[in-house]
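First comes the structure, then the notes that go with it.
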Amino acid sequence: MKEKLSDLIFRAIERAKKSGEIEIEETPEIVLERPKEKIHGDWATNIAMVLASQVKTSPLKVAKSIIDHLDDKQHYLARVEIAGPGFINFYLSNAWLYDVLREIERKGENFGTCNVGQGIRVQVEFVSANPVGPMHIGHGRWAAVGDSLANLLTAAGYDAQREFYINDYGTQMSIFGKSVAARYCELLGREISFPEGGYEGEYVRDIAREVMEEEGGKYLELSEDEREEVFLERAYSQVLEHTERVLSEMGAEFDVWFSERTLHKSGAIRATIDELREKGYVYDKDGAVWLRTTTFGDDKDRVLIRENGEPTYFAADIAYHKNKLERGFDRLINIWGADHHGYVGRMKAAIQALGYPSEVLEVIIGQLVNLLRGGEPVRMSKRTGEMVTLEELLQEVGRDATRFFFLMRGTDSPLDFDIELAKSQSSENPVYYVQYAHARICSIMKFAEDRGFSPVSAEDALLELLAEESELDLIRKLAEFEEIVERAALSRIPHILTKYAQDLAALFHVFYTQCRVISEDLELSRARFVLARCSRQVLRNALALIGVSAPGSM
RNA sequence: GCGCCUGUAGCUCAGCAGGAUAGAGCAUCGGACUUCUAAUCCGAGGGUCGGGGGUUCGACUCCCUCCAGGCGCGCCA
C-alpha cells in the first residue's frame, strides 16, 4: 500500500510540474509515515514542506497543487487533507482494510513473511558461553535475542542459521579442570591447594562428588596432570550437556555447535596465520607474532602467537571466522555482551585482513543483565558461589515469561532483572496480557462452535459490516504486522515484536469489550468472527517469532 | 585519559532513517461483570524528554559541550 501511495503522489507531482504549478528539476524521494495520532490519517507525507523550501512558495500551496493532481482510480483513498504546517494526510478507504483480512486468511501462518532478505545466507552466532559452569541469566538474554532474530531473518526471506561457538580450549578450561580435581581430592580427605583463580561455585563440588560416588577414589593414584585431564573432560561434557538442555528449554535450537578445539587440532589456526603472513599483515616482535590490525583502523596491533608459542584466543577467533566465511555465509551476525565490545574493532580488522569487507561481520553489542534480588544486586561471576542459574529462572518463571521479558528492551539498554519481581509479578507480566487475548479468541470460537454457529471465509463474509472504530483500529494494527517484521529483521531489533504484540492484544481487548462477536445478527457475527480469527492468526505469528506459546485457554 | 552504551511520568521502560497535543505498563484515585474468560475495559492525576549551546520551517530524535551511571581499553577468554 505504501508503494502504491507514493507512486500516486509521485505521478501527481509530475503532473503538477507539467502544468507549471511546481517548478523543480528532480522530484525528491517521497517519505510516507504513519502518523502517531490516527486523526491525522493512515499515512502522511511531508513532501509539500520539502518542495516548498526548494520552490520558495508556501507549503500549503504546494500541497494543494499535489492534491489537485492526484488521480486515485482504484479509490484507495477515502479522504485527503492538508494539515498543520503542510502535511498531506491520507485516509484509506475501509475497502482497503477489508482486503487485509482476506490476505491474512489466505496467507495464514505465512502472513508477515516477506523477501527483503532475498535468500542471503546469514549466520547468527550467540550465547557461546564458556563451558566452565552453569548457564546464567545473562546467557538467557542472548538466547532469547539470538533465537528470535534468527526467526525474524527467516521470516524476512534470509537463509539463517544458528550457531554456538564452544570455547573449549585454553586457560579457563584448564583452571576449571584443576578446580574439579582439587574438590575431588578434598572430598576424599587429601589436602591439595585450590588453584589460583579457580571456580568456587558449589557445582564444581557437585561434579567432583558425582565422580567420587560413581568411581570411588581411584583417581587419587594419578599424577596431578593426569587427574586434571580426566576431570576436565568429565566436567566439560557435563557442562555442555547442561548448556544444550537449558538452551533447549529456552526454545533455542542450534544448527551447529562449533568446538574451538577442532581449530587447534586441524591446524586451521596456523594455516590462517600463514595466510595472513603471506598477505603481509603479520610480523614478529618481542618474541611474539603480531597482526597489523592498525592497517584497518584498530587502536593497536594484536598478538596472534604468544612468546610461549601458544596462539591467543584472538588467533583462534580469526580462524573461526575464516571458517564461517568459507562455509559460504554472506553475513555473520555475532551477539556479544558489552564486556566484549572492545574486541569488535580488532575482529573487523581481521576480517578485512582476510580479504573481506568489514560489513560482512555485524556485531550486536548487548548491554549486560543486572541481576537483582529484591532490589539488591547479585554478583553474576561464574567464580563466586552465589549465583542464580538460567535453569532455576526457567523453572520458576517459565519459558514464555522469561523470553518475553528478555525481549522487552532493546539490546542497547542494560536490563534489570529482579528475581523477586519476576517471580512475584509473574501474573502481571505483559506476556500474559498478550496470551490472554489469544485465549479469549479461542474461547469465542469454542462458544460459537457449541452454539452451532456456521462461520464463513473472509471472501464470503460481509466485511463492510465492520465499521466500528474499535474494529477498524484492530484491522489497521493487523495490517501493520508486515512492516514490523520487515523493520525488525532489517534493523536486527527483535524487541519491537513484543511491543507490537502488546499493542495488538490491547486493541483486541478493546474490540472484545465493545463488540460482541456472536450475536443474533448472523451476518455481523460472521464478519466479526473473521476479524477475530485473523487477529488470532497474527497474534500467533507474532508470538511464534519471539518464541512464546499461544495457549488456547488460560 | 580514550572508546562504546545509557539518562524520558513516583517506578520499569517505549518512542530516536527529524514532524503535528511526548506514549505504555506498574503504582495512586474513581468507574464497568444476569451478556463470547474481569489475567479485561473506561476515566483521572502525574513530564524543564539529564543541563547548556547549535543545525532546521520543525529536535526526545541530528551535531558540539558539560554532568551522572554502566562496560571496556591484556602476549585473559
Side-chain angles (χ1 to χ4, degrees), chain A residues 31 33 35-37 39-40 44-46 49-50 52-53 58-59 83-87 89 128-130 132 167 169-173 175 197 260 285-290 299-300 302-317 337-345 365-368 370 408-416 418 421 425-437 439-448 450-451 453 470 487 490-491 495-496 498-499 502-503 505-506 508-519 525 528-529 532 553-554:
Chain A
V31 179
E33 59 187 25
K36 280 181 208 155
E37 304 283 334
I39 55 160
H40 295 125
T45 182
N46 64 348
M49 286 178 280
V50 175
S53 58
S58 94
F87 289 102
N89 296 337
S128 297
N130 293 356
V132 293
N167 300 132
Y169 184 95
T171 324
Q172 294 307 316
M173 287 296 283
I175 292 174
E260 182 185 350
K285 196 183 92 182
D286 303 334
V289 177
W290 298 71
D299 302 334
K300 49 184 164 183
R302 309 291 174 174
V303 172
L304 293 173
I305 299 178
R306 290 184 273 252
E307 215 172 341
N308 66 11
E310 279 289 309
T312 57
Y313 177 82
F314 180 49
D317 222 9
D339 52 346
H340 288 76
H341 84 257
Y343 198 75
V344 177
I365 290 299
Q367 297 300 310
L368 301 177
N370 299 311
M408 275 175 55
R409 284 158 190 44
T411 49
D412 284 345
S413 302
L415 181 73
D416 283 339
D418 193 311
L421 213 65
Q425 290 202 336
S426 61
S427 66
E428 289 167 20
N429 194 303
V431 69
Y432 295 105
Y433 180 81
V434 177
Q435 289 181 320
Y436 183 56
R440 257 186 161 173
I441 298 171
C442 293
S443 174
I444 293 171
M445 292 180 158
K446 177 81 171 34
F447 178 83
D450 292 348
R451 292 256 302 236
F453 172 80
S470 64
R487 193 160 80 86
L490 286 174
S491 304
H495 77 277
I496 63 172
T498 58
K499 176 80 162 52
Q502 289 177 85
D503 290 348
F508 179 79
H509 286 309
V510 173
F511 160 71
Y512 178 90
T513 308
Q514 297 187 358
C515 302
R516 194 180 164 82
V517 176
I518 306 301
S519 66
S525 299
R528 284 180 173 166
F529 197 82
S553 68
M554 288 172 75

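Per chain, numbering begins at 1; letters A, B, ... match sequence-line order.
Closest-nucleotide positions on RNA chain B for A:Ser519 and A:Arg487 were compared, and the one nearer the 5' end corresponds to A:Arg487.
Of all nucleotides listed (B:A39, B:G19, B:C36), B:A39 comes nearest to the side chain of A:Met554. For A:His509, taking side-chain heavy atoms from C-beta onward, the closest of the listed nucleotides B:G15, B:C41, B:A38 is B:C41. Side-chain proximity of A:Asn46 to the nucleotides B:C4, B:A20, B:G19 is greatest for B:G19.
We find that CG of A:Asp418 is positioned 18 Å from P of B:C26, with the value rounded to whole Å. Nucleotide B:G74 holds its P atom 16 Å from the CG atom of A:Leu304, rounded to whole Å. Following rounding to the nearest Å, A:Ile496 (CD1) and B:A17 (P) show an atom-to-atom distance of 11 Å.
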Restricting both atoms to N or O, compile the protein contacts to nucleotides 9-12 of chain B shorter than 3.5 Å, with distance only.
from	atom 1	to	atom 2	distance (Å)
B:U12	O2'	A:Arg409	NH2	2.5

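Note on A:Ser553: a base of the nucleic acid sits closer than 4.0 angstrom, heavy atoms only. Within the nucleic acid shown, A:Cys442 has no heavy atom closer than 4.0 Å to any nucleic acid atom.
The base of B:G72 lies outside donor-acceptor range of the side chain of A:His340, with no N or O pair under 3.5 Å. Looking at A:Asp339, its side chain has no donor and acceptor atom pair within 3.5 Å of the base of B:G72. With hydrogens and angles left out, the side chain of A:Asn89 and the base of B:A20 share a donor-acceptor pair within 3.5 Å.
In this pair, A:Phe87 lays its aromatic ring flat on the base of B:A20, centres within 5.5 Å and planes under 30 degrees apart.
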- [ ] Let me have RNA chain B in dot-bracket notation, would you? Count Watson-Crick plus G-U wobble pairs, both distances under 3.5 Å, and use [ ] for pairs crossing earlier ones and | for inter-strand partners.
- [x] (((((((..((((.....[...)))).(((((.......))))).....(((((..]....))))))))))))....
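To the nearest 0.5 Å, the span separating CG on A:Asp286 from CZ on A:Arg306 amounts to 15.5 Å.
Look at B:A32: its glycosidic torsion is beyond 90° from 0, and that puts it in the anti range. Nucleotide B:C64 is shown with an anti base, its glycosidic torsion being more than 90° from 0.
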